[in-house]
Asks: 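Just dropping this structure here.
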Amino acid sequence: MSGLTTLTRRADFLAANGAMRKPMPGFVLLVRKRDDGDLAIRLGITVTKKIGNAVVRNRMKRRFRALGRELLPEHGIAGADHVLIGRAGGVERDYQALRDELGAALRKLAR
RNA sequence: CCAGAGGGUCGGGCGGCCGCGCCCUCGCGCAAGCGGGGGCGAGGAAAGUCCGGGCUCCACGGAAAGCACGGUGCCGGGUAACGCCCGGCGGGGGCGACCCCAGGGACAGUGCCACAGAAAACAGACCGCCCUGUCUCGACAGGGUAAGGGCGAAACGGUGCGGUAAGAGCGCACCGCGGCCUCGGUAACGAGGGCGGCACGGCAAACCCCACCGGGAGCAAGACCGAAUAGGGAUCGCAUAGGGGGCUGCUUCCGCCUCGCGAUCCGGGUUGGUUGCUGGAGGCCGGGAGCGAUCCCGGCCCUAGAGGAAUGGUCGCCCAUCCGCGCCCCGGAUUCGUCCGGCGCGCGGUGGACAGAACCCGGCUUACAGACCCUCUGGCAUU
RNA sequence: GCGGGUAUAGCUCAAUGGUAGAGCACUAGCCUUCCAAGCUUGUGACGAGGGUUCGAUUCCCUCUACCCGCU
């Protein structure tokens, strides 16, 4: 993933859970500034079994990755971890609406 | 044309823009890397994990024994194997095409058959029927009988005729049942003949018996490389060698290996890379054997290999589908105004089912919008 | 991914193939000035679908949901 690295470790997700949080209709966005001097933007995705079966979960993760590739390099916060948590209804939601919501959430948390 | 049965195939297509994984390759560069080009990239069930295998490790001392445990169960064939498939047989259902069946053994033994009923498996007799006797003349006693009633899921062969005091396989015919013989078939089994006068209720998806099969674990198996740790401490209980533990279902003795054992608590380290990893009981086409499952021969092809997990995101057009409106035609009803059903055309809208590989195969089961093809059955109409 | 297990009343658990039971909870009544406790009633369940059987919560098969173990 160009310019983006993926979050895999459980500890990173737990740390992000204690940082800034912005719920939106299709997802919940968590942002944690690492403050370790590294300016890389990292992305993590969480979609639980409550959301649906494997097809639904994989589809949601793909759309979140597409969102991240499109918006984070420009509007993301440098040196921070971004975690997207899927919510019920996020799969049926219009992609354009998801993109607007992610942009709005990033602007709010950047301040 | 209507209704139905069996089998098979597919399971959206094309194109923009932006992207992902693996492999090959080109250019620049000492290298790390950067940029470009090309190829391939989910399913019929990838699912459930219900069976069978390949593969890997462990075990493979007397003992691949014995005992358990689990599974399968008409016959023949297919297969690497199977609980799968094919072809038969028997039973049941359907007018039929066709569908369904865990379908060995109940004189090896044990057990169960509630309620009802007189009686539930070995004989017996509640209401009855018949004969004899007694008397207070419609009851009692003795005997015979099991046809009828009643109960039940099931009642000791069934129906009819004869027979009898009433009855009874008591006798006869047919059916059922059990031996025997002959014939057909590899067999399950079937057909025919003759005998027996009925003896043998049901449940083994109850225990069980018989036959056959099964060593255990599973790619988080296993192999290699690298890093780190150096087999720690405390408390309590038991034991201190004629003892304890282990040797992969269990048992007994012998044998072998090993040594203090067990519980609780504290502290520390590792959670990396490569491989296994996709060429296989493989796919497609053609020919042959066979009723078929399947097998044989020849040619061509290589067709996902990810690793918190790629194969996508978002638009446009088209084709199925469904809905609404309008037009034409056909059939039916009509209170002649119209209404209902169907085919076709046009416009507008809707817009893809079940579902995502995780070592790999063969099956089974379950989920699934819709489309297409082949064969067959019954009915109606016409020639 | 692989391997096991469970499902019975609102909750925790029982029950040889023959009417599904106990405790807590809930409802109503009695008792009490009232509440609690106590006593007497009542409501309420075999996860779903097939099969074997005269008859299934139980036996067999297939689904569904949940739980546990293995890196």
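Throughout, protein chains are lettered first and strands after them, A, B, ... in sequence-line order, and every chain is numbered starting at 1. Only a predicted model underlies this, so the values are computations on that prediction, with no experimental measurement involved. Basis for what follows: all heavy atoms, side chains included, without hydrogens, waters or symmetry-related copies.
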Asks: Could you check if the base of rG326(B) is syn or anti? Syn means the glycosidic torsion is within 90 degrees of 0.
Replies: anti
Asks: If you define the side chain from C-beta out and look only at heavy atoms, does anything of Leu29(A) sit under 4.5 Å from Leu84(A)?
Replies: yes
Asks: Taking any strand in view, what nucleotide pairs with rA56(C) in a Watson-Crick or G-U wobble way, both distances under 3.5 Å?
Replies: none
Asks: Just how far, in rounded Å, is P of rA309(B) from CZ of Phe64(A)?
Replies: 14 Å
Asks: Please work out whether rA42(B) sits syn or anti, treating a glycosidic angle within 90° of 0 as syn.
Replies: syn
Asks: Looking only at atom P, what distance separates rG87(B) and rG342(B), rounded to whole Å?
Replies: 42 Å
Asks: Can you check the Leu102(A) CG to rU314(B) P distance for me, whole Å?
Replies: 15 Å
Asks: Scan every strand shown for a Watson-Crick or G-U wobble partner of rC26(C), both distances under 3.5 Å, and answer none if you come up empty.
Replies: rG42(C)
Asks: Look through every strand shown and name the nucleotide pairing with rG269(B) as Watson-Crick or G-U wobble, where both distances are under 3.5 Å.
Replies: none
Asks: Rounding to the closest angstrom, what is the interatomic distance between rG91(B) and rG190(B) at atom C1'?
Replies: 15 Å
Asks: List for me each residue that meets side chain to side chain donor-acceptor pair (under 3.5 Å) alongside Arg21(A), sequence neighbours excluded, and say none if there are none.
Replies: Asn17(A)
Asks: Say we look at rA68(B) and rA63(B): how far apart would their C1' atoms be, to the nearest angstrom?
Replies: 16 Å
Asks: Report the glycosidic orientation of rG179(B): syn if within 90° of 0, anti in every other case.
Replies: syn
Asks: Looking at the angle O4'-C1'-N9-C4 for a purine or O4'-C1'-N1-C2 for a pyrimidine, is rG169(B) syn or anti, with syn meaning within 90° of 0?
Replies: syn
Asks: Is the glycosidic angle of rA241(B) within 90° of 0, making it syn, or outside that range, making it anti?
Replies: syn
Asks: For atom P, what is the distance between rC207(B) and rA153(B), given to the nearest Å?
Replies: 26 Å
Asks: Return the nucleotide paired to rA191(B): Watson-Crick means purine N1 to pyrimidine N3 with N6-O4 or O6-N4, wobble means G-U with N1-O2 and O6-N3, both under 3.5 Å.
Replies: rU182(B)
Asks: Under a 3.5 Å limit for both distances, which nucleotide forms a Watson-Crick or G-U wobble pair with rC129(B), could you say?
Replies: rG144(B)
Asks: Distance between the P atoms of rG54(B) and rG93(B), in whole angstroms?
Replies: 46 Å
Asks: Counting Watson-Crick and G-U wobble pairs only, both distances under 3.5 Å, name the nucleotide matched with rG69(C), or none.
Replies: rC2(C)
Asks: Could you tell me which nucleotide pairs with rA20(C) by Watson-Crick or G-U wobble geometry, both distances under 3.5 Å, or answer none if nothing does?
Replies: none
Asks: If we take the C1' atom in both rA293(B) and rG362(B), what is their distance in whole Å?
Replies: 14 Å
Asks: Which nucleotide, in any strand shown, forms a Watson-Crick or G-U wobble pair with rG346(B), with both distances under 3.5 Å?
Replies: rC325(B)
Asks: Between rG162(B) and rG178(B), how many Å separate the two C1' atoms, rounded to a whole number?
Replies: 27 Å
Asks: Please report, rounded to the nearest Å, how far the P atom of rG308(B) is from the CG atom of Leu84(A).
Replies: 19 Å
Asks: Set out, line by line, the N/O atom pairs under 3.5 Å between protein and nucleotides 16-18 of chain B.
Replies:
none

